[in-house]
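These notes are about the structure you will find just below.
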Amino acid sequence: MSEHLTHLKELEAESIFILREVAAQFERPCILFSGGKDSIVLTYLAYKAFYPAKMPFPLVHIDTGHNFPETITYRDELVKKLGADLIVGSVQKSIDEGKVKEETGYDASRNKLQTVTLLDTLAEYKFDAACGGARRDEEKARAKERIFSHRDEFGQWNPKNQRPELWDIYNAKKAPGEHFRVFPISNWTEMDVWQYIYQENIPLPSLYYTHKRKCFLRDGQWLAAEPDIIKRRPEETVVEKEVRCRTIGDVTCTGLTLSHAHSIEDIIDEIASSRVTERGGRADDKRSETSMEDRKKQGYF
Amino acid sequence: METKKTKGYLDMQLLRFTTAGSVDDGKSTLIGRLLYDSKSIFEDQLEAVEEASRSRGNEEVNLALLTDGLRAEREQGITIDVAYRYFATPKRKFIIADTPGHIQYTRNMVTGASTADLAVILVDARHGIMEQTIRHSYIASLLAIKEVVVCVNKMDLVDFSKEVFDKIVGDYKRMSANLDLGHVEFIPISAKLGDNVVEASKNMDWYGGKPLLEYLETVELPEEAQDRLRLPVQYVIRPISDKFPDFRGYAGRLAEGSIKVGDKVKTYPSELTSEITGIYLGEQSLDKAVSGQSVDLTLKDDIDISRGDVIVSVDGVQPMLEQDFELNVCWFRNTPLVCGKRYVIRHAAQETIGIVKEIEYKIDINSQTEQYGADKLVMNDIARVHLKTASPLIADLYKDNRTMGSLIFIDADSNDTLGAGMIVG
């Protein structure tokens, strides 16, 4: 095998191929941008796929209103740097309009509510494809999802009746009102994403690196007490710890890892010796054994 | 200070393989074992599986539960669709397309095999070669997979007997003699106990070969002929900006061959020649690019090239520019393939309308015999058909190039993908 691509080059080439298929086959595609590392890598890949032209998709951020401010700062700088367009869908607005009801109690999260805001935003801008940074190694249900994943007019995924997907031929045909979710980095693992960030020298939100933060412990998981969004039980005391995020969602569902990783190399080493999956820190997956599958059927990312 | 692992991990190769076998062959257990013994299972995943095993009344941890993804499958205890698994060793990264082996799911095996470099086929040592073993092997040959590993599993249940293994190897060779398989490797294993999966078996010292994982880490894939170039154009990049007012880049993934700046190329279908003036990957300017890379290239002459066109080498074998094709077809859906019906055909970056003029014969993949006289194809059928397309396709034979030789049938009414075709002539 004379000139084999390295795994990172091969994965990059595959993702760029998929992004170009999206641009060619859809009328109004977008990229779902969460501020997490996967959607950051996806955005950089899109930039690369169409340079020197502007990437032909806007970034869509579904804002739960419960963000780490670092995420928003990063998002705004990235949009400026890459010359991309940004559209923000607000969960607060969906609540104010009475479309969804805020959860209450100590474990309240807007994670579930954002599905409605997402579907409304896609409809408002008539997006027919939304590219996401989900990876098949993240979770059991995602391991079976197609790269071009069809959604019916209610935004639902039907895991029992997915379109066959062979070779690198992607079928984007759909009826009016239907749309697709596309996952260009489906075949990347958590480690691949970190290695690529290292190789390409991609800047990340500071949250990914170890920093001092006020936090508290709940069910064995450190959660952020600043910004002060999660309602704490009386016995949950706030302490300052050296932590970092392994994945970033909104404040209510982002677990913090005790860490001393100050560089990408430190993070890669930490992950290489890690014994827990990255989603292990996400409260939303633990609610039931098939929770991701349930949320996906409803139209979650 | 611990040694940094960063650099060593950056230049690994990726191997994509598919696994085929029935529930009873212990395929899920084998994959679970590969993930478990290569330390690709995390604590929280293992805890979830331990808990699920207990609640089901299994005494030992059921490694099969690691890979059975969807709720229905967990309830029925079977895998019903293609699932992708990822693991890495310090030598290679692996993507497994895990497909079920039931007769009604031929389509899933075909799907899994379509992106695989290698196929792992499981045989139960107690039962030997079954109809489905041959079916799996047939699909591997149909999809032009060049490397096959036959794992004879459950050797612990036949006293790790060399005689049993040798007989199965002999039977397989005899029964697969008519198939166009590349290299076939045979490994006796026990997925449940771990013999010859990651660690060499202490119970089978008569076996002189490598354990499965070591084999997967070291197998060399056949080198691709580099005497011709195929670059299907996906997208034309035209910034029309102040900085790049006249830039016109042809974006696509090299399906075969390599390119360098200065190469003479020919475009299809126009059959005009030009010269490569630049190769780009994002902001990077490259001197050359190889098969598998996604690039954006510029040409010296201002010729009309759009999505679906193909850039090829001036010398070497030229692609077909045809409207009539002989195909091997695998049908995926309940909606039957009917002769004379118009289907949307997608082939590389091209799309056209196609009609099946004739079903020459269906293939009984258990007996590998040809059945003449069929007037339609139903789900899981494999057949040889004659396709006519509304406009010419720029294509190669599937055995020579997967991207240039494969296509899908799309239902113009439901938009669903109904079947897959491989060009044989």
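Model, not experiment: these values are computed from the prediction. Below, chain A is the first sequence line, B the second, and so on; all start at residue 1.
When each of B:Leu407, B:Val344, B:Val236, B:Thr111 is scored by its heavy-atom pairs under 4.5 Å with chain A, the top score falls to B:Thr111. If you tally non-hydrogen atom pairs under 4.5 Å between each of B:Ala113, B:Pro239, B:Gly252 and chain A, the highest count goes to B:Pro239. Ranked by heavy-atom pairs under 4.5 Å with chain B, the first of A:Lys54, A:Lys48, A:Gln199 is A:Lys48. Most heavy-atom pairs under 4.5 Å with chain B: of the set A:Asp192, A:Ile169, A:Ile16, this distinction falls to A:Ile169. Highest contact tally toward chain B, considering only A:Ala53, A:Pro164, A:Ala24, is held by A:Pro164 [criterion: heavy-atom pairs under 4.5 Å]. Chain B forms the most heavy-atom pairs under 4.5 Å with one residue out of A:Arg146, A:His150, A:Glu12, A:Glu165, and that residue is A:Arg146. The most heavy-atom pairs under 4.5 Å with chain A, out of B:Leu418, B:Asp416, B:Leu254, B:Thr115, come from B:Asp416.
Across all non-hydrogen atoms, the minimal contact from A:Gln195 to A:Leu8 is CB-CD1, 3.8 Å. A:Lys173 approaches A:Asn171 most closely through the heavy-atom pair N-OD1, 2.9 Å.
Using a 4.5 Å cut-off between heavy atoms, A:Asp168 touches chain B through its side chain atoms alone. Both the backbone and the side chain of B:Arg346 come within less than 4.5 Å of a heavy atom in chain A. With a 4.5 Å cut-off on non-hydrogen atoms, B:Ile408 touches chain A through its backbone and its side chain both. When heavy atoms are compared at a cutoff of 4.5 Å, B:Tyr84 approaches chain A by way of both its backbone and its side chain. Neither the backbone nor the side chain of A:Ser15 comes within contact range of chain B; no heavy atom of the residue lies under 4.5 Å from a heavy atom of that chain. Residue A:Glu178 does not touch chain B at all, counting heavy-atom pairs closer than 4.5 Å. For a residue to count as touching a neighbouring chain, one of its non-hydrogen atoms must lie under 4.5 Å from one of that chain's; by this rule B:Ile237 touches chain A with the side chain only. Interface remark: A:Ala172 contributes no atoms to any contact with chain B (heavy atom separation under 4.5 Å). Using a 4.5 Å cut-off between heavy atoms, A:Tyr47 touches chain B through its side chain atoms alone.
Of the charged side-chain nitrogens involved, none lies within less than 4.0 Å of a carboxylate oxygen, so that A:Glu153 and A:Lys174 do not count as a salt-bridged pair. Salt bridge B:Lys93/A:Glu10: absent, no basic N to carboxylate O contact under 4.0 Å.
Cation-pi contact between A:Arg20 and B:Tyr235: absent, since separation from the ring centre below 6.0 Å together with deviation from the ring axis within 45° is not met.
Ring planes of B:Phe94 and B:Phe87: parallel class, angle under 30° (limits at 30 and 60°). Aromatic ring pairs are classed by plane angle as parallel below 30°, tilted from 30° to 60° and perpendicular above 60°; the pair A:Phe148 and A:Tyr170 is parallel.
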List the steps, then state whether side chain to side chain contact (heavy atoms under 4.5 Å, CB included) holds for A:Trp157 with A:Glu145. CA-CA 9 Å; A:Trp157 179 50; A:Glu145 187 155 9; 3.8 Å; yes
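Looking at B:Phe409 and B:Ile345, their side chains come closer than 4.5 Å, going by heavy atoms from C-beta outward.
How far CG of B:Asn328 is from OG of B:Ser406: 12.5 Å, rounded to the nearest 0.5 Å.
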